[in-house]
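In each ligand, atom 1 is the first atom listed, and ligand 1 is the first ligand listed.
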Amino acid sequence: MRKKFLAGLLVTAMVASMTACGSDPTANNGGSSDKASSGDSGKKKVGISMPTKSLERWNRDGSYLEEQFKKEGYDVEITYSDNDTDQQVNDIQNMISDNVDILVVGAIDGDTLSTVLADAKDQNIPVISYDRLIMNTDAISYYVSFDNYKVGQLQGQYIVDTLKLDGSKKKYNMEITAGDPADNNATFFYNGAMDTLKKYIDNGTIKIVSKQQDFESVATPQWSTDEALNRMQNILSSYYADGKNQLDIALCSNDSTALGVTQAIESDYAGKNTPLITGQDGDVANLKNILDGKQAMTVYKAVANEAVVTLELVKSVLNGETPDESLTKKFDCECSYDTDSYDNGTGKIPSYLLTPEVITKDNYKEKLVDTGYYKEGSDGYLQAIE
Ligand code: GAL
């Protein structure tokens, strides 16, 4: 069982991996992109396209990735495209014009990049699909993410275990808030949770009072907190007003939607109980709600580790290698190599999948503070480490 990264160890490991891994990116190693070294300095240049700064985690992704690659000796061009798909196409086009040697892309909408990435392919620029699978293009070399189906399974299983649903005589009412239909991850989160909860829905232990259950009915464009808030307010006024029903569970696929759902419950839910609310990402506002007992759990994904995996993958590709399962041996964090689960419409994309974990009021100190991912403020609440 591989030991997990501790961020304190992580920093050492990051430094170690940069030296221990050794390969000098500035060496003219004839990498898989047969472009000449692109930076004026002769350094290899990495183009990093992040979707937005408005969702907290992407700020962490971007800064970890930029820090990693610069320390490793790469030139880095990084953009954040404000959740504007046209802007992201332009940003990537500019990177191609700037002769990057490889692209690392966190897509806003996985279905909007085929044309611009065809240009990348024409210029032999490999593309790493970062965190969210980019669809319907054969320009993608590899996918790096977390086990997205497992994220949903962890949310579903937390509900099963916490409410002791097996053999339960008690019935529970649940409402569902899923993610952005433009984000390929969102259906994996939804399916992981719903496959875990299916038998309890089928046997009547869980009832979805609003009857809004299929993904399309419960999806949240752009993971918007306001969209999630408004939709939950409508559900509460239609099905839970005047004590008609008690809301026991609010299954939310991530923290930005959980934040909106929590706000709706605070303002519009008349019940005396605190519904069990799930989330994902470990956003600071949601960690506060977890400490205050308003949200039950979040699924944390150490994007610092995702950045380390991405760095080693990029180094291998630019060294002209064809990374496979053996690359995972470089990592102390749990990372699986999967060639079957992620078909992007042009074929199955070889994927490196890290392991997510459940964070609650009981384990946040060990998992988030002791590891150095967050620090505790004087008010006792968590702050991200800038
Ligand atoms: C997903 C990502 C999640 C979360 C969500 C937006 O694609 O995998 O970690 O960031 O977007 O909050």
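- The number of heavy-atom neighbours closer than 6.0 Å to NZ of Lys198, taken from other residues, nucleotides and ligands shown, is 12 or below.
- Around CG of Asp202, the count of heavy atoms belonging to other residues, nucleotides or ligands within 6.0 Å exceeds 12.
- Atoms of ligand 1 found under 4.0 Å from any heavy atom of Lys301, numbered from 1 in the order shown, are 2 (C), 3 (C), 8 (O), 9 (O).
- Under a 3.5 Å cut-off, the side chain of Tyr269 and the backbone N or O of Leu247 do form a donor-acceptor pair.
- Taking every non-hydrogen atom of Asp183 and a distance limit under 4.0 Å, the qualifying atoms of ligand 1 come out as 1 (C), 7 (O), 11 (O).
- Gln88 and Ser49 share a donor-acceptor pair across their side chains, judged by distance under 3.5 Å alone.
- In the vicinity of Asp131, heavy-atom distances shorter than 4.0 Å reach the ligand 1 atoms 2 (C), 7 (O), 8 (O).
- Within the structure, the closest approach of Phe189 to ligand 1 falls below 4.0 Å when heavy atoms are considered.
- Side-chain polar atoms of Glu334 and Thr355 form a donor-acceptor pair below 3.5 angstrom.
- For the residue pair Tyr240/Gln246, the side-chain donor-acceptor check at 3.5 Å is not satisfied.
- Shown in contact with Asn254 at under 4.0 Å from a heavy atom are these atoms of ligand 1, numbered in order with element: 6 (C), 12 (O).
- In the vicinity of Leu55, heavy-atom distances shorter than 4.0 Å reach the ligand 1 atoms 6 (C), 12 (O).
- No donor-acceptor distance shorter than 3.5 angstrom exists from the side chain of Asn305 to the backbone of Cys333, with no hydrogens or angles considered.
- For ligand 1, the atoms sitting less than 4.0 Å from at least one non-hydrogen atom of Arg57 are 2 (C), 3 (C), 4 (C), 8 (O), 9 (O), 10 (O), numbered in the order shown with element in parentheses.
- Taking only nitrogen or oxygen atoms, main chain and side chain alike, Ser256 does not reach within less than 3.5 Å of ligand 1.
- Nearest protein neighbour of atom 4 (C) of ligand 1, counting heavy atoms only, is Asp281 OD2, 3.0 Å.
- Counting atoms of ligand 1 from 1 in the listed order, those under 4.0 Å from a heavy atom of Arg132 are 1 (C), 5 (C), 6 (C), 7 (O), 11 (O).
- Residue contacts with ligand 1, taken as heavy atom pairs separated by less than 4.0 Å, do not involve Asp255 at all.
- Of all protein heavy atoms, the one lying nearest to atom 5 (C) of ligand 1 is Trp223 CE2, 3.6 Å.
- For ligand 1 and Gln280, the ligand atoms under 4.0 Å from any heavy atom of the residue are 3 (C), 9 (O).
- With a 6.0 Å radius and a threshold of 12 heavy atoms from other residues, nucleotides or ligands, Lys272 has its NZ atom at or below the threshold.
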